[in-house]
Amino acid sequence: MRKLAAGNWKMNGLKADLDQITALATDHPAPTVDILLCLPATLLTSAHAVAGQIALGGQDCHPADSGAHTGDISAGMLAETGASAVIVGHSERRADHAETDATVAAKAKAVWAAGLTAIICVGETEAQRDAGQTLDVIAKQLSGSVPEGATGANTVIAYEPVWAIGTGRTATLDQIAEVHDFIRTKVQTRFSAAVGGGIRLLYGGSVKPLNAGDIFGVSNVDGALVGGASLKAVDFGKIIEALSSQQHH
Ligand code: 13P
């Protein structure tokens, strides 16, 4: 399968930062991996003009198509900007906006209905890991957040341990392998070996140019969801290159 380097800019980015996207697109005119930047919605339309081979996505959407939901954005609105994917269920949304698995699943269905790919995030907190609950938490999030009908074409799953996000602490390679192998088995058991085998699994949590190569060598890691290091073309470019060298293996 084609690997995926995805960036999540979170609540960062003004028009001046479009220069980073221009630089990234110029440096990667014919990428051998998929490159995706999930931007603030305010930048999507203008980024589209400079993004070249870089796909664009949103960071969240409302489950409904339209309606009286002040401040929200629909998947169809994101699609109209040229976006091809939407992150749903990021741990920051789950924590800041009390999103449940059911909400995340409803959002994923809305993303599909708009013809886009849902990047569905799961991940345990530090307290849950310390209590030995990691795989139980991941199993519950997968069954509650990933709707029936998931395929490799409409869904990407991102494993992002909450304690590794924005902390500079990454999960160990063994920890990543354990959870990614677990997720792969779960989706293959639930859907089919072929369908579950085609869903890309991304690792996220303090992925940087210096650790990306090791992380991309872990089994069932099909790419990364990168926060801070996706903001600068030079850093994200190095992560893309590390992933590209794995694509040929
Ligand atoms: P950092 O790469 O900044 O740790 O963020 C990871 C993340 O949350 C991506 O969605």
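First listed ligand is number 1; within each ligand, the first listed atom is number 1.
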Handout entry: Electrostatic pair Arg2-Asp222, nearest N-O below 4.0 angstrom
Key = no

Practice task
Check whether any N or O atom of Lys208, backbone or side chain, sits under 3.5 Å from an N or O atom of ligand 1, and answer yes or no.
Solution key: no

Exercise for the section: For ligand 1, find out whether one of its N or O atoms is nearer than 3.5 Å to an N or O atom of Gly228. Expected result: yes

Practice task
Decide whether Leu225 and Ile240 are clustered together by the hydrophobic rule: side chain heavy atoms of Ile, Leu, Val, Met, Phe, Trp, Tyr closer than 4.5 Å, transitively.
Solution key: no

Problem - Side chain Asp17, main chain Leu14, donor-acceptor under 3.5 Å - result: yes

Practice task
Kindly confirm or rule out an N or O of Thr167 lying under 3.5 angstrom from an N or O of ligand 1.
Solution key: no

Practice task
Would you check the N or O atoms of Glu92, main chain and side chain alike, for any that come under 3.5 Å of an N or O of ligand 1?
Solution key: no

Exercise for the section: Kindly confirm or rule out an N or O of Val226 lying under 3.5 angstrom from an N or O of ligand 1. Expected result: no

Exercise for the section: List the closest protein heavy-atom neighbour of atom 7 (C) of ligand 1: residue, atom name, distance to the nearest 0.1 Å. Expected result: Glu160 OE2, 3.1 Å

Problem - Distance from atom 5 (O) of ligand 1 to nearest protein heavy atom, with residue and atom - result: Lys10 NZ, 3.2 Å

Problem - hydrophobic_cluster_shared for Leu4 and Leu243, side chain cutoff 4.5 Å - result: no

Handout entry: Atoms in ligand 1 flagged as close to Leu225, the criterion being non-hydrogen separation under 4.0 Å
Key = 9 (C), 10 (O)

Handout entry: Side-chain donor or acceptor of Tyr203 paired with backbone N/O of Val218 under 3.5 Å
Key = no

Handout entry: Ligand-side contact atoms (ligand 1) for residue partner Ser206, heavy atom cut-off under 4.0 Å
Key = 1 (P), 2 (O), 4 (O)

Practice task
Give a yes or no on whether Leu135 atom CG has more than 12 heavy-atom contacts from other residues, nucleotides or ligands under 6.0 Å away.
Solution key: yes

Practice task
Determine, using heavy atoms of Ser91 and all atoms of ligand 1, whether some pair is separated by less than 4.0 Å.
Solution key: no

Exercise for the section: Assign the ring pair Tyr159 / His180 to parallel, tilted or perpendicular, where the plane angle (0 to 90°) is split at 30° and 60°. Expected result: perpendicular

Practice task
Looking only at non-hydrogen atoms, find the nearest pair between Thr170 and Ser206 and report the distance.
Solution key: CG2-O, 3.1 Å

Handout entry: Contact atoms of ligand 1, heavy-atom distance to Ala164 under 4.0 Å
Key = 4 (O)

Problem - Residues forming a salt bridge (charged side-chain N to carboxylate O under 4.0 Å, His left out) with Arg93, sequence neighbours excluded - result: Asp60, Glu99

Practice task
Examine the proximity of ligand 1 to Asn8 and report which part, side chain or backbone, both or neither, has a heavy atom under 4.0 Å away.
Solution key: side chain

Completion exercise
Restricting to heavy atoms, the pick from Gly166, Ala229, Gly227, Gly204 nearest atom 4 (O) of ligand 1 would be Gly166

